[in-house]
Amino acid sequence: TGSTRPQRMLKAVQKNATKGDPESVISAIDYYCRHREWAMNVGDEKGLILDSVLTEVNPGTALELGTYCGYSTIRIARLLSPGSKLITVEFNPDFAAVARQIIAYAGLQDKVTLVEGPSGDLIPKMKERFGIKSFDFVFLDHWKDRYVPDTKLLEDCGLLRKGTVLLADNVICPGAPEYLKYVKNSAHYESRYYKSNLEYTTVEDGLEKSVFLG
Ligand SMILES: O=C(NCCCCc1cc2cnccc2s1)c1cc(-c2ccc(F)cc2)cc(O)c1O
Ligand SMILES: [Mg+2]
């Protein structure tokens, strides 16, 4: 049987990036996905917005929902201060297997815990499993119709604190209309839209940054 898109992406990283150099892994993936084969990474353009929000928040504990091949996992982990941790959740075991190899190639495996399974089952177990009090930063990039239920789940499980920053990918394309309504109409969030483009295209997309007010 032939290779999959994530496996071809991994090959491109192993061929074109330098082991232990996250920047070169990010560049290799962006080059591959822009010039060879599109893939649903947050990408270089929205990635700059992710970087700037991360630098501002400087999270001690971060959560990513939707690992895919680990591109945004690396973008986040490379900016974490020493001792800070990122938990990333992936549903698809084949994606997770490639992500583990790409995260390790970048040398960031000590900052990242990759957990496989559906977010709805894993979120309620986060406190007991990882000894987490609350998250400082959450990147939502999984099933777009899970953004609202999982945000509510994070609230109900006491995993958000006053000031926790949620950053949601794809609020325009493919779109997360219920999520935009939820955070914009809620008195518990201060929300702001960062206009950008869908990864590697000129189609509009953007990130919604929402601060939990407690
Ligand atoms: O679907 C997208 N991402 C989610 C896939 C991961 C599914 C998971 C479910 C789940 C459940 N529990 C735990 C972990 C997880 S991971 C996605 C799609 C596009 C896109 C695709 C075609 C197109 F024409 C235009 C845009 C662009 C993007 O940036 C995306 O992120
Ligand atoms: Mg996305």
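What you see below is based on every heavy atom in this structure, not just the backbone, and it leaves out hydrogens, waters and symmetry mates. Atoms within a ligand are numbered from 1 in the order they appear, just like the ligands themselves.
- Ionic pairing of Asp136 and Arg161 is present here: one or more N-O contacts between side-chain nitrogen and carboxylate oxygen are shorter than 4.0 angstrom.
- Take a cut-off of 2.8 Å around the Mg ion (ligand 2): the protein N, O or S atoms inside it are Asp141 OD1, Asp169 OD2, Asn170 OD1.
- For the residue pair Ser81/Asn58, the side-chain donor-acceptor check at 3.5 Å is satisfied.
- Salt-bridge annotation for Glu116 and Arg100: present, with a side-chain N of the basic residue lying under 4.0 Å from a carboxylate O of the acidic one.
- Arg146 has no carboxylate O lying under 4.0 Å from a charged side-chain N of Asp141, or vice versa, which leaves the two without a salt bridge.
- Checked against side chain to side chain contact (heavy atoms under 4.5 Å, CB included), Lys11 has the following partners two or more places apart in sequence or in another chain: Gln14.
- Residue Phe91 is found in a hydrophobic cluster whose other members, listed by chain and number, are Trp143; membership requires side-chain heavy atoms under 4.5 Å apart, directly or through intermediates.
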Distances for all N or O pairs of ligand 1 and the protein under 3.5 Å?
residue, atom, partner, partner atom, Å
ligand 1, 3 (N), Lys144, NZ, 3.4
ligand 1, 12 (N), Ser119, N, 2.9
ligand 1, 12 (N), Ser119, OG, 3.4
ligand 1, 29 (O), Asp169, OD2, 3.2
ligand 1, 29 (O), Asn170, OD1, 3.0
ligand 1, 29 (O), Asn170, ND2, 2.7
ligand 1, 29 (O), Glu199, OE2, 2.6
ligand 1, 31 (O), Asp141, OD1, 2.8
ligand 1, 31 (O), Lys144, NZ, 3.0
ligand 1, 31 (O), Asn170, OD1, 3.0

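- Asn197 and Thr202 share no side-chain donor-acceptor pair at under 3.5 Å.
- Using a 4.0 Å cut-off between charged side-chain N and carboxylate O, Asp30 and Arg34 make no salt bridge.
- Among the candidates Glu208, Lys184, Lys209, the single residue satisfying the side-chain hydrogen bond (donor to acceptor under 3.5 Å, both in side chains) test with Ser191 is Glu208.
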